[in-house]
Undergrad: 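Got a structure for you, questions after.
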Amino acid sequence: MKKYYITTPIYYVNSEPHIGSAYTTIIGDIIARYKRLIGYDVFYLTGTDEHGQKILQAAREKGKDPQELCDELSEKFKKLWEDLNITNDYFIRTTDPKHMETVQLFVSKMLENGDIYKGIYKGWYCVPCETYWNEDEINITEDGEHVCPSCGRPLNFVEEENYFFRLSKYTQPLLEHFKNNPDFVEPEFRRNEMLKILEGGLKDLSITRTTFNWGIPMPNDPKHVIYVWVDALINYISAIGYGRDEQTFNKWWPADVHLIGKEINRFHSIIWPAMLMSVGLPLPKKIFAHGWLTVNGQKISKSLGNAIDPREFVKKYGNDVIRYYLTRDIVFGKDGDFSEENLVQRLNSDLANDYGNLLHRTVAMVVKNFDSIIPEPQESLEIDNILIEKFEKLLKKYYEYMDSYKLTNALEEIWAYIGEINKYFDENKPWILAKEGNKKRLASVLYNTLEAILRVATLLMPFMPDSSNEVYKRLSQNINPEEVFEKKWNVLKPKEKVIHGRPLFNKIDLKNFEKIATRKEEQKVQNKSVEENVALISFDDFKKIDLRVAEILEAEKIKKSEKLIKLIINLGELGKRQIVAGIAKYYEPEKLIGKKIVVVANLKPAKLMGVESQGMLLAAKINDKLTLLTVDDDIEPGAKIS
RNA sequence: GGCGGCGUAGCUCAGUGGCUAGAGCAACUGAUUCAUAAUCAGUGAGUCAUGGGUUCGAGUCCCAUCGCCGCCA
């Protein structure tokens, strides 16, 4: 039996799981289920990454022991995967003693091979990103603070004795490997990015830390803990028994694919292969880096706290719908937006109308005309053969797309076929056959339609296991799905009873449905002050805002509006402007005239109640109190504020 | 700053230099009534971001500009 080993990244447990990690894991699950369906022996691995300074810090902030925090969070991940019906074969945790021993074994081998040496690391370190930065990479703020080029937060200067991995040594071998294996990293543009890095030459990598101890001790020098990424990457082999169970290990390794997010591509496509080369193990066959999801147009960000619990979506729409939407609407590999409206759109038109209704209408006719018993097919006509041939074509494309991870395309093809089945049904007009009493032909038409539906449900099993199983149940088919792949047609067992249950998928009225995300956004408004402290912007971002002192020349209330006041302001060198401000509840227009206020001078103009506003004034507000920002001493209008 | 990608119908996107630029969804029209107002058929005068250029011919190649994004520094 052919084997297939697929992995997700192991998720860092410094925060709760969100839709992004769910996305990777769902995709992995679909691929794993597909391979099992077509007869592979599959090992699907996921887990949690639990070491490193960030976790130590998160634990301290919560007043918890780090292990306790890891236990809690990894449990949440496990639970979520259960809720999402993920069929992982193992869940690895990097704090598992077996994993820790394996890491030490692996690193010992690297030591023996002379790929690790001791050196001094001096430089800047970003704790949240767990990353060291070179002097020429970091940003310096106006007041001389060194900040992380990636996240904008302050850096710590560290000088420590570290062990280094001779990554530089593997530049050439990796280049060779990339050249000889054009499909090693996908999509292609990600591969090219990595290739560029390799062509620039690799630097040795610091792989131990001494400033904290939440990690795996270096085997020869326990003062040092092993860098969390080295620790984490080894999970892919420790989970399958490297160094402990050679037989199992040899069965699964090398991995067929590491599914990852684009942000960790360098670790998987360069560092991990180099580590494997160092100890003489074969490399994974493929690294597939998918894109990022935004949710309703917003970036998912752990630090912003707008991460959405995938469970809420599942509770509302069901597992299958989420799985379908994620694979159908978001092209695998590219960035995409998780839009709840689009999801409902897909649910209504693809799932409920095209697919669910097809089963429903066919079963209804079996109930009425054949007393709920699936009839036996009779003599077949040309039109029947076309339906059969089209399925054969579909199956070919299905294999092709599924094997190259083009899941979106596979679904597209399946839906094109669902369209064909609906068409077949319409063209044969079974309701007329029933009226005419042509039971023979009616039997064939209904049988063929059900057979086609059964086949579609089978191809959809990896994507939507629940509804596919439901189709099998409704048609009382106790058959092995493999028959669908092996036999040409007539897999459906006649004389079985159909169950005319509720529609497979329920539609949702697009015009008035309550979005989950909206509810979350409301919460966000309440937490706004907290978030504003967290959401750091760079100095460059700040510089984009042109703040100016302005003198109010005229002020009048806008008719029909309770809140708005129209102001004519003097901006000195920038001339006069008209702005609209929502301050009528707090200020009488006449009292505003002459005041020196602060405005954003380069805001895009906007119309409020039909009146153009060419800027925005600044005011402080809390609860029901509002006060305008003014300047402490007299200064000319137009003065820049920085 | 360097390298790369993207910008195509209301929406999501396809489109090896060459007949009148496509698909799905939405919309509209017709058919139909077995079905969850469903399905089937038909309907697109889109500056293919902008401006140049190469070519007999460019969404497709080249250059520049604008906007968005990625990787690296």
Side-chain angles (χ1 to χ4, degrees), chain A residues 131 133-139 149-150 185 187-203 261-267 269-270 289-292 294 297 299 325-339 341-370 383 406 408-409 411-436 442 445-446 449-450 453 498 500-511 540 604:
Chain A
T131 308
W133 298 100
N134 294 327
E135 197 71 40
D136 54 344
E137 290 172 332
I138 58 179
N139 296 333
S150 164
V185 179
E188 204 188 344
F189 64 97
R190 296 282 165 220
R191 171 181 185 264
N192 292 340
E193 286 170 2
M194 292 304 114
L195 214 46
K196 281 272 149 56
I197 295 176
L198 287 174
E199 282 162 2
L202 299 173
K203 277 188 223 153
K262 64 182 182 181
E263 74 284 4
I264 53 176
N265 193 14
R266 200 166 53 96
F267 293 100
S269 300
I270 293 178
H290 65 70
W292 280 354
T294 51
K299 233 184 195 172
Y325 171 71
L326 282 175
T327 30
R328 175 65 195 253
D329 236 33
I330 291 157
V331 177
F332 188 47
K334 291 191 185 172
D335 287 354
D337 184 42
F338 186 105
S339 139
E341 258 164 58
N342 291 353
L343 181 148
V344 171
Q345 192 92 260
R346 287 291 183 188
L347 164 63
N348 288 349
S349 62
D350 296 0
L351 299 181
N353 291 351
D354 294 345
Y355 180 38
N357 181 55
L358 173 63
L359 176 75
H360 204 69
R361 69 197 298 209
T362 316
V363 168
M365 295 215 70
V366 174
V367 170
K368 263 191 219 163
N369 296 290
F370 292 95
I383 191 168
K406 291 182 176 162
T408 312
N409 296 307
L411 284 179
E412 242 171 62
E413 293 298 335
I414 294 172
W415 252 261
Y417 188 69
I418 290 174
E420 294 294 340
I421 309 172
N422 269 314
K423 191 173 169 176
Y424 171 85
F425 197 82
D426 271 19
E427 284 179 352
N428 282 292
K429 296 185 176 49
W431 52 95
I432 299 218
L433 296 174
K435 264 184 213 158
E436 290 169 347
L442 181 61
V445 170
L446 295 184
T449 307
L450 287 180
I453 293 171
V498 295
H500 190 39
R502 294 200 45 76
L504 270 189
F505 301 96
N506 291 314
K507 291 214 261 187
I508 289 179
D509 184 0
L510 242 184
K511 279 178 194 130
D540 285 344
K604 273 189 195 163

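Chain A is the first sequence line, chain B the second, and so forth, proteins listed ahead of strands; every chain is numbered from 1.
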Undergrad: When both hydrogen-bonding distances must be under 3.5 Å and the geometry is Watson-Crick or G-U wobble, what is B:rG59 paired with, if anything?
TA: none
Undergrad: Tell me what A:P503 touches on the nucleic acid: a base, only sugar-phosphate, or nothing, going by heavy atoms under 4.0 Å.
TA: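 If one applies the 4.0 Å heavy-atom cut-off, A:P503 turns out to touch a base.
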Undergrad: To the nearest 0.5 Å, how far apart are OG1 in A:T327 and CG in A:N409?
TA: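 One gets 11.5 Å once the value is rounded to the nearest 0.5 Å.
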Undergrad: Tell me if the CD atom of A:E188 is crowded by more than 12 foreign heavy atoms within 6.0 Å.
TA: no
Undergrad: Please state how far atom CD1 in A:I421 lies from atom C1' in B:rC40, giving the value in whole angstrom units.
TA: 14 Å
Undergrad: Grab the CG-C1' distance between A:L450 and B:rC34 for me, whole Å please.
TA: 13 Å
Undergrad: Specify the separation, in whole Å, of atom CG of A:D426 and atom C1' of B:rU33.
TA: 10 Å
Undergrad: Once you apply the 3.5 Å cut-off to both distances, tell me the Watson-Crick or G-U wobble partner of B:rC34, or none.
TA: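 Its partner is none (no Watson-Crick or G-U wobble pair with both distances under 3.5 Å).
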Undergrad: Once you apply the 3.5 Å cut-off to both distances, tell me the Watson-Crick or G-U wobble partner of B:rU16, or none.
TA: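 B:rU16 is unpaired by these criteria.
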Undergrad: Between B:rC25 and B:rG1, how far apart are the two P atoms, rounded to whole Å?
TA: 45 Å
Undergrad: For the CH2 atom of A:W415 and the CD1 atom of A:I421, what is their distance to the nearest 0.5 Å?
TA: 10.0 Å
Undergrad: With heavy atoms under 4.0 Å as the rule, sort A:N265 into base, sugar-phosphate or nothing.
TA: nothing
Undergrad: Taking the P atom of each, how far is B:rG17 from B:rU12, in whole Å?
TA: 27 Å
Undergrad: Salt bridge check, A:R190 against A:E193: does any charged N sit closer than 4.0 Å to a carboxylate O?
TA: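 Judged by the 4.0 Å cut-off on N to carboxylate O distance, A:E193 and A:R190 do form a salt bridge.
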Undergrad: Between A:L351 and A:L504, is there a side-chain heavy-atom distance shorter than 4.5 Å?
TA: no
Undergrad: Here's a test of your reading of the structure: between A:E193 and A:S349, which maps to the more 5' nucleotide of RNA chain B?
TA: A:S349
Undergrad: Taking the C1' atom of each, how far is B:rA49 from B:rU55, in whole Å?
TA: 23 Å
Undergrad: Quick one: which of B:rC34, B:rC71, B:rC25 gets closest to the side chain of A:Q345?
TA: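 Closest of the options to the side chain of A:Q345: B:rC25.
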Undergrad: Once you apply a heavy-atom cut-off of 4.0 Å, does A:L504 come out as touching a base, just sugar-phosphate, or nothing?
TA: base
Undergrad: Say we look at B:rG15 and B:rC72: how far apart would their P atoms be, to the nearest angstrom?
TA: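 After rounding to an integer number of Å, I get 27 Å for this pair.
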Undergrad: Do A:Y424 and A:I383 come close enough that some side-chain heavy atom pair is under 4.5 Å?
TA: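 Counting from C-beta outward, A:Y424 and A:I383 do come under 4.5 Å.
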Undergrad: Is the distance from OP1 or OP2 of B:rU39 to the nearest side-chain N or O of A:N353 less than 4.0 Å?
TA: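 Yes.
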Undergrad: For atom P, what is the distance between B:rU54 and B:rU60, given to the nearest Å?
TA: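 Roughly 15 Å separates the two P atoms.
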Undergrad: Which part of the nucleic acid, if any, lies within reach of A:R190 when heavy atoms closer than 4.0 Å are counted: base, sugar-phosphate only, or nothing?
TA: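 Contact class for A:R190: sugar-phosphate only.
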Undergrad: Say we look at B:rG44 and B:rA23: how far apart would their C1' atoms be, to the nearest angstrom?
TA: 12 Å
Undergrad: If B:rC28 has a Watson-Crick or G-U wobble mate with both distances under 3.5 Å, name it; if not, just say none.
TA: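 Across any shown strand, B:rC28 pairs with B:rG42.
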Undergrad: Using a cut-off of under 3.5 Å, enumerate the N/O to N/O pairs linking the protein to nucleotides 2-5 of chain B.
TA:
{"from": "B:rC3", "atom 1": "O2'", "to": "A:K196", "atom 2": "NZ", "distance (Å)": "3.2"}

Undergrad: For the pair made of CG in A:N422 and P in B:rC40, what is the distance, rounded to whole Å?
TA: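 After rounding, the reported distance stands at 5 Å.
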Undergrad: When rounded to the nearest 0.5 angstrom, what is the spacing between NE2 in A:H500 and OG1 in A:T362?
TA: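 These two atoms lie 10.0 Å from each other.
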Undergrad: In the structure shown, which nucleotide is the Watson-Crick or G-U wobble counterpart of B:rC68, with both distances under 3.5 Å?
TA: B:rG5
Undergrad: How many Å lie between OH on A:Y424 and C1' on B:rC34, as a whole number?
TA: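 After rounding, the gap between these two atoms is 15 Å.
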Undergrad: Please list each protein N or O that sits under 3.5 Å from an N or O in nucleotides 7-15 of chain B, with the distance.
TA:
{"from": "B:rA14", "atom 1": "OP1", "to": "A:K334", "atom 2": "NZ", "distance (Å)": "2.1"}

Undergrad: Specify the residue among A:A352 and A:K262 whose closest nucleotide of RNA chain B lies further upstream toward the 5′ end.
TA: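 Checking each residue's closest nucleotide, the 5'-ward one belongs to A:A352.
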Undergrad: Could you tell me how far B:rC28 sits from B:rC71 if I compare only their C1' atoms? Round to whole Å.
TA: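 The same atom, C1', in both gives a distance of 46 Å.
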Undergrad: Please measure how far the C1' atom in B:rG57 lies from the corresponding atom in B:rG2, and state the result in whole Å.
TA: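 So the two C1' atoms sit 36 Å from each other.
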Undergrad: Ignoring hydrogens, what is the shortest heavy-atom contact between A:A434 and A:M365? Give both atom names and the distance.
TA: CB-CE, 4.3 Å
Undergrad: So A:L343 and A:D329, do their side chains get closer than 4.5 Å, heavy atoms only?
TA: no
Undergrad: B:rC40 P sits how many Å from A:K423 NZ, rounded?
TA: 9 Å
Undergrad: Counting the atoms with a prime plus P, OP1 and OP2 as sugar-phosphate, which does A:K429 contact under 4.0 Å by heavy atoms, base, sugar-phosphate, or nothing?
TA: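 Contact class for A:K429: none.
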Undergrad: Has A:R266 got a side-chain N or O lying under 4.0 Å from the OP1 or OP2 atom of B:rC72?
TA: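 Answer yes for this pair, as a side-chain N or O of A:R266 is under 4.0 Å from OP1 or OP2.
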Undergrad: Would you classify A:G200 as touching base, sugar-phosphate or nothing, given that sugar-phosphate means primed atoms plus P, OP1 and OP2, and contacts are heavy atoms under 4.0 Å?
TA: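 Since no nucleic acid heavy atom lies under 4.0 Å of A:G200, the category is nothing.
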Undergrad: Enumerate the salt bridge (Lys or Arg N to Asp or Glu O under 4.0 Å) contacts for residues 350-367 of chain A, please, sequence neighbours excluded, ordered by first and then second residue.
TA: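 Residue pairs with at least one partner in residues 350-367 of chain A: A:R328-A:D350, A:R346-A:D350, A:R361-A:D426.
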Undergrad: Using the ring of each side chain (for Trp, its six-membered ring), is A:F505 parallel, tilted or perpendicular to A:Y355, with breaks at 30° and 60°?
TA: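 It falls in the tilted class, 30° to 60°.
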Undergrad: Measuring from A:K429:NZ to A:E436:CD, what's the distance to the nearest 0.5 Å?
TA: 10.5 Å
Undergrad: Take atom CZ of A:R361 and atom P of B:rA37, then tell me their distance rounded to the nearest Å.
TA: 12 Å
Undergrad: Taking atom C1' of B:rU39 as reference, at what distance in whole Å does atom NZ of A:K507 sit?
TA: 11 Å
